[in-house]
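These notes are about the structure you will find just below.
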Amino acid sequence: MEKRLEVTEHDEAGNVTATYISTPTDTKGTSRVDVILPEKTKSPWQRLLDVFLPAGFPHSVTDDYVQYQIYDSLQAFSSSIAGLLSSRAVLSSDSAGRIATIFFAHRFGTALEPECKMYRLLADILNDFAFILDCLSPAFPKPIRVVILSFSSVLRALCGVAAGSAKASLSAHFARWGNLGELNAKDSSQETVISLLGMMAGSLVVSWVTTPMATWTTLILLLAIHLETNRRAVRAVSMRTFNRQRATLVYHELKQGRIPRPEDISKQERIFERDGVLRDEDDRITGYCTVGASMKTFLSSLAFRKRSLTGAMSVDDTWLTDLLSLSAESAYILSYDSSSDPLRFDIVIKKGATPGDLLLAWWQALALSEEASKLRTWSYSLDKRQDVLDLVKETATAAAQLMSRYGAELREASWDLDVGALETRSSTRVSLPE
């Protein structure tokens with residue numbers, strides 16, 4: 001490479017997070033990649049705010065979000081004080097639960113919408129486990145009982161975050177006429193009636209159940225019914241957006257020439273699926289893929305020497321140039337780690353990429369993972385690198401042709417290709433020189 005290459009990485013809000021500069025170091029095709037961090041980084045106060053604000057703030061929300069949240073926070077603050085005055089006490093378990101919700105929302109907030117079916121059922125599992133801990137707590141000494149009740153409070157708090165967020169996503173899915181507000185109001189009315197009926201039935205059950213054996217038998221039976229009905233409720237939902245699992249299932253259906261409907265895919269998808277897993281048409285695991293990987297991850301997969309003090313990496317100049325050239329016309333960069341088993345793929349997203357572009361990237365990763373044995377063998381041979389590049393190009397073309405051929409028919413089958421549900425954590429975007 002005759003001149004240096006500069007790649008800029010941005011966060012969801014468009015702020016520069018790092019700049020990668022590749023500079024030739026010798027005539028043997030080796031380049032040194034330096035990581036330059038911005039001089040003006042986020043202050044500790046800004047990093048703290050990131051925990052509480054949506055990813056990509058303020059660009060990811062409407063203009064009225066800030067004003068609403070200020071007043072909403074003030075009302076919650078005054079309500080908390082009023083609650084303390086009325087009770088005159090606050091349990092440490094409540095504090096532990098509230099702290100847990102902050103960390104849970106920060107870590108898994110982005111995944112709650114794409115994986116709303118999983119988190120909706122997970123919320124009930126956490127809640128039922130909390131019930132069991134509450135019933136077990138009287139059997140322990142007071143110090144241990146406090147720990148158990150605190151853990152139970154944490155589980156309930158996590159349940160509240162997961163259930164509330166997943167329910168909001170499901171409500172948006174159900175509201176086809178833009179009637180989200182009415183749907184939520186009617187749902188609240190349904191829950192009120194069901195809760196009243198449950199309290200009436202519960203009063204009778206409590207009066208009949210008097211022995212510990214009868215209590216535990218009834219509790220386990222009710223929890224089993226609770227989880228099974230929730231599992232069936234989640235299974236009944238046919239989401240129209242493409243998360244990673246649904247994108248995989250649809251890909252294999254399209255390769256067979258079939259146009260699946262959301263109802264068909266919902267019968268095949270797992271409620272709990274491994275994070276980022278790639279599967280072939282026989283349901284075998286062929287690899288793992290991260291959507292929204294950083295440029296540093298991509299370069300690390302190519303580096304043959306790293307400097308721990310400076311963070312610089314030495315990469316094969318020709319190999320780097322060829323891979324970037326392949327993705328010059330696409331909205332993403334797809335790389336893989338040939339040393340992992342199964343193969344691990346990373347999708348680096350370019351600035352301006354659309355949900356349709358990410359779907360293409362996922363389909364290409366699936367196509368490449370099916371050729372895992374070739375990739376693993378060829379990557380260690382300089383003579384086979386052109387074969388690798390040809391395979392990467394072929395799979396990109398195949399994914400694009402699949403979308404071009406069946407995209408309109410997928411929309412007619414009620415699939416929503418304009419809503420992104422493939423990213424499950426905060427990611428970055430990169431800008432490459434033209």
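Quantities reported herein were computed from a predicted structural model and do not represent experimental measurements.
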Would you say that more than 12 heavy atoms from the other residues, nucleotides or ligands in this model lie under 6.0 Å from the CZ of Arg235, or not? yes

Measuring from Tyr119:OH to Cys159:SG, what's the distance to the nearest 0.5 Å? 14.0 Å

Tell me which pairs pass ring pair (Phe, Tyr, Trp, His ring centres under 6.0 Å) where either residue lies in residues 255-293, with sequence neighbours left out. none

Tyr20: what forms a ring-ring contact (aromatic ring centres under 6.0 Å, His included) with it, not counting sequence neighbours? none

Nearest 0.5 Å please: distance from the CD1 atom of Ile132 over to the CG atom of Leu223. 5.5 Å

Can you establish whether the number of heavy atoms outside Arg274 located under 6.0 Å from its atom CZ is more than 12? no

Heavy-atom neighbours of Glu113 CD exceed 12 at 6.0 Å: no

Using the salt bridge (charged side-chain N to carboxylate O under 4.0 Å, His left out) criterion, which residues pair with Arg232? Sequence neighbours excluded. Glu228

Using only atom types and a distance under 3.5 Å, with no angle test, would you say the side chain of Ser189 pairs donor to acceptor with the backbone of Ala185? yes

Under a 3.5 Å threshold, yes or no: a donor from one side chain and an acceptor from the other, between Ser137 and Asp134? no

Between Lys296 and Glu9, does at least one N-O distance fall below 4.0 Å, as a salt bridge requires? no

Is the CZ atom of Phe129 crowded by more than 12 outside heavy atoms at less than 6.0 Å? no

Residue that, paired with Glu370, satisfies salt bridge (Lys or Arg N to Asp or Glu O under 4.0 Å) out of Lys255, Arg284, Arg279: Lys255

Look at Arg270 together with Glu115 and state whether they make a salt bridge at an N to O cut-off of under 4.0 Å. no

Heavy atoms, side chains only, cut-off 4.5 Å: are Asn243 and Trp362 in contact? no

